[in-house]
**Student:** 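The structure's right below; bear with me while I get my questions together.
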Amino acid sequence: MNLFLTFAKIGTFTIGGGYAMIPLMEEELVRKSRSLTAEEFLDVLALSQAMPGVFAVNMAAVVGNRLKGLKGSVSAICGTVLAPIAIILLVAILYRRLSDNPHVEHAFMAVRPVVVALIAAPVVRLAKSAKIGWSTCWIPVAAVVLIALLGVSPVWVIVGVMALAVVYFLGRKKTNINQQIHK
């Protein structure tokens with residue numbers, strides 16, 4: 001697998017930013033090249049989101065490092081950013097000339113729902129990979145409500161979920177120990 005070409009393809013054909021890259025990354029890294037398992041992809045995704053900086057670059061760095069070390073990381077990062085930088089420069093040059101063009105405006109409006117779908121589709125696949133079922137689906141729903149509707153910082157949501165998980169699993173462990181003692 002050529003990391004530069006793979007990430008160049010991802011960077012070139014993604015509209016809508018880093019999160020819109022997720023389905024392309026998953027397709028290339030999990031389904032086509034089988035460089036990562038679905039679980040590994042989910043782990044890399046979580047790690048990349050937790051890191052400071054641009055999500056797409058973080059993903060490229062983590063995947064590149066995991067597959068080929070430092071050289072792989074540099075190669076994947078370069079592949080990810082070169083095409084978007086060139087496209088952004090081209091758009092910036094043409095924007096003033098084309099921004100008032102109704103055809104261009106309609107084209108951008110037509111792309112918006114596609115970007116939403118590109119972000120939503122991997123959420124369903126990632127939920128399956130994370131083994132989110134009916135008993136745990138309340139967790140991401142509660143996180144969305146807290147963050148999107150109530151304005152709670154994602155940092156506090158993550159810290160809260162981690163604290164609840166520790167309490168829950170410690171309670172389960174204690175219950176299991178008590179059950180074994182009484183047998």
Side-chain angles (χ1 to χ4, degrees), residues 3 6-7 10-11 14-31 34-67 69-70 72-74 76-77 80-81 84 111-183:
L3 284 169
T6 298
F7 279 91
I10 292 166
T14 300
I15 297 171
Y19 292 105
M21 289 181 164
I22 294 171
L24 286 170
M25 287 181 179
E26 184 181 28
E27 178 70 22
E28 291 295 323
L29 301 169
V30 176
R31 290 192 175 80
R34 299 187 189 273
S35 300
L36 300 173
T37 65
E39 291 79 19
E40 289 172 326
F41 182 77
L42 188 59
D43 291 342
V44 167
L45 186 65
L47 177 62
S48 299
Q49 289 175 335
M51 295 167 56
V54 179
F55 170 73
V57 173
N58 292 346
M59 277 292 285
V62 173
V63 170
N65 188 60
R66 181 173 233 156
L67 298 178
L70 181 60
S73 188
V74 170
I77 290 170
T80 300
V81 300
V111 169
R112 288 179 188 156
V114 174
V115 171
V116 171
L118 285 172
I119 294 170
V123 168
V124 173
R125 285 196 296 270
L126 291 171
K128 290 177 184 175
S129 294
K131 296 175 178 61
I132 294 174
W134 291 109
S135 63
T136 57
C137 70
W138 65 272
I139 297 169
V141 170
V144 167
V145 168
L146 288 168
I147 294 167
L149 300 179
L150 300 178
V152 176
S153 168
V155 172
W156 290 115
V157 172
I158 291 168
V159 169
V161 169
M162 287 170 47
L164 288 173
V166 168
V167 169
Y168 173 77
F169 286 110
L170 286 175
R172 255 180 91 183
K173 187 175 182 180
K174 187 176 180 180
T175 302
N176 289 343
I177 291 171
N178 288 337
Q179 287 174 350
Q180 289 174 357
I181 292 172
H182 290 71
K183 282 187 181 181

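Counting begins at 1 with the first residue of the sequence. Values in this document were obtained by computation on a predicted structure and should not be read as measured data.
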**Student:** Identify the heavy atoms of Pro84 and Gly11 that sit nearest to each other, and give their distance.
**Tutor:** CG-O, 3.4 Å
**Student:** Mind checking what makes side-chain contact (heavy atoms from CB on, under 4.5 Å) contact with Asn65, not counting sequence neighbours?
**Tutor:**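 Partners of Asn65 by the side-chain contact (heavy atoms from CB on, under 4.5 Å) criterion, ordered by chain and then number, come out as Ser73.
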**Student:** So, for Ala76 and Gly64, which heavy atoms are closest and what is the spacing to 0.1 Å?
**Tutor:** CB-CA, 4.2 Å
**Student:** Can I get a per-line list of side-chain donor-acceptor pairs under 3.5 Å for residues 115-124, giving both atom names and the distance, sequence neighbours left out?
**Tutor:**
none

**Student:** Run the side-chain contact (heavy atoms from CB on, under 4.5 Å) check on Leu36 and Arg66 step by step: do they pass?
**Tutor:** CA-CA 9 Å; Leu36 300 173; Arg66 181 173 233 156; 3.7 Å; yes
**Student:** Just wondering, do Met59 and Ile10 contact through their side chains at under 4.5 Å, heavy atoms?
**Tutor:**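 Ile10 vs Met59: side chains apart.
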**Student:** For the atom pair CG (Leu3) and CD1 (Ile77), what is the distance rounded to the nearest 0.5 Å?
**Tutor:**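 Reported value, rounded in 0.5 Å steps: 11.0 Å.
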**Student:** Going by side-chain contact (heavy atoms from CB on, under 4.5 Å), name the residues that satisfy it together with Leu47, two or more places apart in sequence or in a different chain.
**Tutor:**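 In terms of side-chain contact (heavy atoms from CB on, under 4.5 Å), with neighbours along the sequence ignored, Leu47 is linked to Met51, Val62.
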**Student:** Can you tell me how far CD1 of Ile22 sits from CG of Leu45, rounded to the nearest 0.5 angstrom?
**Tutor:** 5.0 Å
**Student:** How about Met25 and Val63: do any of their side-chain heavy atoms sit closer than 4.5 Å?
**Tutor:**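 No, side chains not in contact.
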**Student:** Would a distance-only check, ignoring hydrogens and angles, find a side-chain to backbone donor-acceptor pair under 3.5 Å from Ser48 to Val44?
**Tutor:**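 Indeed, once roles are kept as given, a pair shorter than 3.5 Å links the two residues.
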**Student:** Which donor-acceptor pairs under 3.5 Å do the side chains of residues 143-169 make with protein atoms, sequence neighbours left out?
**Tutor:**
residue : atom : partner : partner atom : Å
Ser153  : OG   : Val155  : N            : 3.2

**Student:** Could you tell me which non-hydrogen atom of Ser35 sits nearest to which non-hydrogen atom of Glu40, and how far apart they are?
**Tutor:**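 Smallest interatomic distance, heavy atoms only, reads O-OE1, 4.2 Å.
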**Student:** Rounded to the nearest 0.5 Å, what separates atom CG in Leu29 from atom OG1 in Thr37?
**Tutor:** 11.0 Å
**Student:** By side-chain contact (heavy atoms from CB on, under 4.5 Å), which residues pair with Arg31, not counting sequence neighbours?
**Tutor:**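 Per chain and number, Arg31 pairs via side-chain contact (heavy atoms from CB on, under 4.5 Å) with Glu26, Glu27, Arg125.
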